[in-house]
Each structure stands twice: as C-alpha cells, then as structure tokens.
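Encoded as structure tokens, the structure appears first; notes follow it.
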Amino acid sequence: MSPSTDLSLLSRRAVLKGWLAAGSAAAIGSTILAPVAQGNDAKLPATPNCGTDSGPTRSSTEGPFYSDNPPQKRDFRADANGTPITLIGFVLTANCLPVANAVVDLWHANADGDYDNRGFRLRGYQKTDALGRYYFETIRPAEYGGRTPHYHVKIHTPPNNTLTTQLYFPDEPRNELDHLFDSSLLMKVQSASDGEVGRFDFVLG
Ligand SMILES: [Fe+2]
C-alpha cells in the first residue's frame, strides 16, 4: 500500500492486514493506518497521541452495563447485525512505548441501542501483542437514552492498574448533546469497502 492508498477501496481485512504488517508503534502512532495513511492525514480529525501535551487518555464512567468476567474474544460480528467496523490501535506508555499483554476489554450497545445484559454478545477482551496492538471486529453501536454512540473500554495492566473510558465517533450529531462526550476520546474513523475502520491509541498515565 502506498501513502495515497484510498482505504475506501480496500476491505477491512486488507486494511487490518496492512496495519499489522506496518511495524513499530512509533512509526504508526499518529494516523489511522500510518505510515499508510499519513498522506491522508489532513482528512482525519486529530486525536491525542503519546509524546504530546495532551497527556494520558482520559478516563470516563463505566456506566451501568458492564458484566464481569467477559470472554476472551476479539470478533463480535456473529453477536449482532450492524455496520461492520474493525477497531484497531495501540496501548502505549506516556513515552510511546508499546504495552504488551495489556487486557483490552470492550463492551457496547447493538445497532438498536441495547446491551446484552444476560450474556456476552458485544462483550469481550483480548491482550495486546508484543507491539502493544489490539484489534476487534465488531459493529457500530446506536445511541440510546440520551447517549451518543460510544464504545466502553477497560484497559488492565499489571500489577493492578485499570483505565476505564469510552470512545466516540467523529461524525455523530448527538456528540455535543451528550454530557459525557469528550472530544479527546474521538476515534479516527474511515470507510473501507465493506464497512469502517476505527483507530484509537490508549496512552497510559
Ligand atoms: Fe454505554
């Protein structure tokens, strides 16, 4: 893939494959699929990165719908219908070093704005790889009860640290109406040929 690659022409699988092949955290810490997407950066909203003045990723409330002991799972696509999205990113230290084996725990509403409070649909965790990377295959959640669409995430790192936060979509008109919305928690989102790709890097304090 060249710097001018149009992600909308690629499948999510191809985008993911390219991203996983891209290399170190430092080389791809600032764009949705850097170095691939660096040439397209002007089209992307800015999100906080490690090594900047923005500080660590801000925490946010857990909300009422967390379920303990979720399964280890990265592919939620069989759990619900909706716009497919591949969520990718890093877990990094404040000095941009990758955090391997961080537990990334994701849960969110379905395309009707409902949570699965009995089972573990649209719930699961995985561990970052040696380069601090995580990815999930899931869907875009819908708004519900005054909340703009969002993902819930917990990042657990040894020995006993947890970052609980939420991620948001840049194109949602309800963002500014949601009192919990935080623009520093906006993902970068781009269209692929068969859905969307979202990018967010977590920077630990
Ligand atoms: Fe929620």
Side-chain angles (χ1 to χ4, degrees), residues 11-13 15-17 19-20 57-92 98-169 172 174-175 178 180-182 185-189 192 194-204:
S11 68
R12 288 176 295 110
R13 175 185 279 267
V15 172
L16 179 63
K17 195 173 169 187
W19 180 68
L20 289 173
T57 301
R58 286 194 203 154
S59 62
S60 184
T61 178
E62 175 180 298
F65 299 120
Y66 184 68
S67 294
D68 289 326
N69 302 313
Q72 186 166 11
K73 182 172 72 172
R74 73 163 82 245
D75 189 347
F76 296 3
R77 291 294 316 289
D79 291 355
N81 294 321
T83 301
I85 180 165
T86 299
L87 178 59
I88 63 175
F90 287 92
V91 177
L92 301 166
V99 180
N101 293 314
V103 172
V104 182
D105 184 352
L106 174 71
W107 74 102
H108 62 89
N110 65 16
D112 294 321
D114 296 322
Y115 286 83
D116 178 11
N117 295 306
R118 296 184 173 183
F120 291 98
R121 282 176 292 181
L122 303 176
R123 299 174 185 274
Y125 79 89
Q126 61 175 273
K127 292 184 178 180
T128 54
D129 67 10
L131 294 178
R133 299 178 298 198
Y134 72 89
Y135 67 90
F136 289 92
E137 296 284 356
T138 189
I139 62 160
R140 212 172 155 122
E143 64 186 64
Y144 64 86
R147 294 303 321 279
T148 195
H150 58 277
Y151 292 128
H152 292 272
V153 185
K154 286 177 185 277
I155 310 287
H156 302 284
T157 50
N160 207 8
N161 302 310
T162 299
L163 167 67
T164 301
T165 192
Q166 303 187 22
L167 303 181
Y168 297 97
F169 294 82
E172 287 290 345
R174 293 197 64 83
N175 282 348
D178 186 329
L180 289 175
F181 173 71
D182 182 338
L185 299 174
L186 282 167
M187 295 176 285
K188 295 169 180 170
V189 178
D194 57 354
E196 297 175 312
V197 177
R199 168 78 177 268
F200 194 88
D201 296 345
F202 298 93
V203 180
L204 305 180

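Only a predicted model underlies this, so the values are computations on that prediction, with no experimental measurement involved. Index from 1, following the sequence.
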Under the side-chain contact (heavy atoms from CB on, under 4.5 Å) criterion, do Val15 and Thr86 qualify, and how do the steps go? CA-CA 9 Å; Val15 172; Thr86 299; over 6 Å; no
To check you understand the geometry: which heavy-atom pair defines the closest contact between Ser11 and Ala192, and what is its length? C-CB, 4.2 Å
Looking at every non-hydrogen atom in both residues, tell me the closest pair between Pro141 and Pro149 and how far apart they are. O-CB, 3.4 Å
Can you measure from CG (Asp201) to OG1 (Thr57) and round to the nearest 0.5 angstrom? 8.0 Å
For residues 123-130, which side-chain donor-acceptor pairs fall under 3.5 Å, sequence neighbours excluded?
residue: Arg123; atom: NE; partner: Asp116; partner atom: O; Å: 2.9
residue: Arg123; atom: NH1; partner: Phe65; partner atom: O; Å: 2.7
residue: Arg123; atom: NH1; partner: Ser67; partner atom: OG; Å: 3.4
residue: Arg123; atom: NH2; partner: Phe65; partner atom: O; Å: 2.8
residue: Arg123; atom: NH2; partner: Asp116; partner atom: O; Å: 2.9
residue: Arg123; atom: NH2; partner: Asn117; partner atom: OD1; Å: 3.4
residue: Gln126; atom: OE1; partner: Arg74; partner atom: NH1; Å: 2.6
residue: Gln126; atom: OE1; partner: Tyr135; partner atom: N; Å: 3.2
residue: Gln126; atom: NE2; partner: Tyr135; partner atom: O; Å: 2.3
residue: Thr128; atom: OG1; partner: Val99; partner atom: O; Å: 2.6
residue: Thr128; atom: OG1; partner: Asn101; partner atom: N; Å: 2.9
residue: Thr128; atom: OG1; partner: Ala102; partner atom: N; Å: 2.8
residue: Asp129; atom: OD1; partner: Leu131; partner atom: N; Å: 2.9
residue: Asp129; atom: OD1; partner: Gly132; partner atom: N; Å: 3.1
residue: Asp129; atom: OD1; partner: Arg133; partner atom: N; Å: 2.9
residue: Asp129; atom: OD2; partner: Arg133; partner atom: NE; Å: 2.9
residue: Asp129; atom: OD2; partner: Arg133; partner atom: NH2; Å: 3.1

What residues, two or more places apart in sequence or in another chain, satisfy salt bridge (charged side-chain N to carboxylate O under 4.0 Å, His left out) together with Arg12? Glu137, Asp194
Are the aromatic rings of Phe181 and Phe169 close, with centres under 6.0 Å apart? no
Going through the distances and angles, do Leu92 and Leu204 end up as a side-chain contact (heavy atoms from CB on, under 4.5 Å)? CA-CA 6 Å; Leu92 301 166; Leu204 305 180; over 6 Å; no
Is the centre of the Phe136 ring less than 6.0 Å from the centre of the His108 ring? no
Side-chain contact, heavy-atom cut-off 4.5 Å: Glu62 with His152? no
Are the ring centres of Trp107 and Tyr66 closer than 6.0 Å? yes
Option from Arg58, Gln166, His150 for which side chain to side chain donor-acceptor pair (under 3.5 Å) with Asp182 holds: Arg58
Applying side-chain contact (heavy atoms from CB on, under 4.5 Å), run through Ser60 and Thr165 and close with a yes or a no. CA-CA 4 Å; Ser60 184; Thr165 192; 4.0 Å; yes
Determine whether the aromatic ring centres of residues Phe200 and Phe90 are separated by less than 6.0 angstrom. no
Run the side-chain contact (heavy atoms from CB on, under 4.5 Å) test on Ile85 and Val197 for me, step by step, so that the C-alpha distance in whole Å, both residues' side-chain angles and the decisive distance to 0.1 Å come before the verdict. CA-CA 5 Å; Ile85 180 165; Val197 177; 5.9 Å; no
Could you tell me whether Glu172 and Arg147 have a side-chain N and a carboxylate O separated by less than 4.0 Å? no
Distance-only donor-acceptor hits, side chain of residues 76-83, under 3.5 Å, sequence neighbours excluded:
residue: Asp79; atom: OD2; partner: Lys73; partner atom: NZ; Å: 2.7
residue: Asp79; atom: OD2; partner: Leu122; partner atom: N; Å: 2.7

Please round to the nearest 0.5 Å and tell me the distance separating atom OG1 of Thr162 and atom CG of Asp105. 9.5 Å
Kindly indicate whether the side chain of Leu163, heavy atoms from C-beta on, has any atom under 4.5 Å from the side chain of Ser59. yes
Look at the side chain of Thr148 and the backbone N and O of Asn175, then say whether any donor-acceptor pair between them is shorter than 3.5 Å. yes
Closest approach of Leu180 and Tyr168, non-hydrogen atoms and distance? O-OH, 3.2 Å
Determine, stepwise, if the pair Tyr144 / Tyr115 fulfils ring pair (Phe, Tyr, Trp, His ring centres under 6.0 Å). CA-CA 10 Å; Tyr144 64 86; Tyr115 286 83; 5.3 Å; yes
